[in-house]
2 protein chains.
Amino acid sequence: MITELNIKQVEKISKALGDPYRLKIMKIISQSDSCVQCCDVSAEFNLAQSTMSHHLKQLIEADLLIADKEGRNLKFVVNKEVCAAYAKYISDFGL
Amino acid sequence: MITELNIKQVEKISKALGDPYRLKIMKIISQSDSCVQCCDVSAEFNLAQSTMSHHLKQLIEADLLIADKEGRNLKFVVNKEVCAAYAKYISDFGL
DNA sequence: TAAAAACATCGAAATATTTAGATATTCAAA
DNA sequence: TTTGAATATCTAAATATTTCGATGTTTTTA
């Protein structure tokens, strides 16, 4: 359960979101109703597998995505709590 | 009046927020009840004036801050609409 | 009008990020 | 148990960002 993010976490999340590929990854995963597999995400982009892996890692380390390893596959869902907490942090700038 | 942000704008805003100094600048300006002057912001940090100017420029170009030049001084307020629109974009990942 | 204050811009060094290829690991299926 | 599929890690090059000092611009004030 996330109550509030600290400034370091907000910085990390912002950095993770500051890239066109990673934003598109978030969009794809958020718009899918079920879990999305790593290789399905990769197929959408014209990037090397290692590059994709690197982008996904950043989103996971920022807690924006939750990864679930099933056998040799990796599935993702959006971390709704972190998205909400981050959004709140930013919208509070406007209060 | 901002209705919705496009992905390029979201990327730019995220990049602007992905730095500890710029996050602190946003906090300082958002927490002040009146406009904040550039030199007041600079005084809070141990950074060269040109560096400060660069950080503020990024926040302004991302539309997170609105700058108002009064004589030789520059005053800021938070762009509430953009903060809200950005927060919505991100929190929508969790829907 | 000369000096100073507030901010912007330029150029360059230091640092960080992005990307791909090569290789390693881990699990599944033949 | 060997092969292949999915993903991770390492290394290195290309690119981008951060930072500062020097200098430029604009406006205020002495």
query = Between Leu74(B) (CG) and dT28(D) (P), how many Å, whole number?
reply = 14 Å
I want to check something: taking the side chain as every heavy atom from C-beta on, are [X] and [Y] in contact at a cut-off of under 4.5 Å?
{"X": "Met52(B)", "Y": "Ile25(B)", "answer": "yes"}
{"X": "Leu47(A)", "Y": "Ser42(A)", "answer": "no"}
{"X": "Lys57(A)", "Y": "Ser53(A)", "answer": "no"}
{"X": "Leu5(A)", "Y": "Lys88(A)", "answer": "no"}
{"X": "Gln9(A)", "Y": "Asn6(A)", "answer": "yes"}
{"X": "Tyr21(A)", "Y": "Thr51(A)", "answer": "no"}
{"X": "Ile90(B)", "Y": "Val10(B)", "answer": "yes"}
{"X": "Val78(B)", "Y": "Leu95(A)", "answer": "no"}

task = For Lys15(A), enumerate each residue passing the salt bridge (charged side-chain N to carboxylate O under 4.0 Å, His left out) test, keeping only those at least two apart in sequence or located in another chain.
result = Glu11(A)
request  = Go through DNA chain C in 5' to 3' direction and return only the first and the last nucleotide with some atom under 4.0 Å of chain A's heavy atoms.
outcome  = dT17(C) to dA28(C)
Over all heavy atoms of both residues, which pair between [X] and [Y] is shortest? Give the atoms and the distance, please.
{"X": "Leu59(B)", "Y": "Ala16(B)", "value": "CD2-O, 3.9 Å"}
{"X": "Phe76(B)", "Y": "Gln37(B)", "value": "CE1-C, 4.3 Å"}
{"X": "Cys83(A)", "Y": "Phe93(B)", "value": "SG-CB, 3.9 Å"}

task = Please list residues of residues 13-28 of chain A whose heavy atoms come under 4.0 Å from any atom in DNA chain D, ordered by number; otherwise none.
result = none
ask   = So, Ser32(B) side chain and Ile28(B) main chain: donor-acceptor pair closer than 3.5 Å or not?
value = no
Side-chain donor/acceptor of Gln58(B) to backbone N/O of His55(B), under 3.5 Å = no
inquiry  = Could you work out how much the helix from dT1(C)-dA30(D) to dA30(C)-dT1(D) bends, comparing the axis of its first five pairs with that of its last five, to 10°?
reply    = 10°
message = Looking at Asp68(A), I want to see if its CG is surrounded by more than 12 non-hydrogen atoms of other residues, nucleotides or ligands under 6.0 Å.
response = yes
inquiry  = Expected output is a numbered-order residue list: members of residues 63-72 of chain B with a heavy atom under 4.0 Å from any atom of DNA chain C. What is it?
reply    = Arg72(B)
query = Which parts of residues 44-58 of chain B get close to DNA chain C, meaning a heavy atom less than 4.0 angstrom away?
reply = Gln49(B), Ser50(B), Ser53(B), Lys57(B)
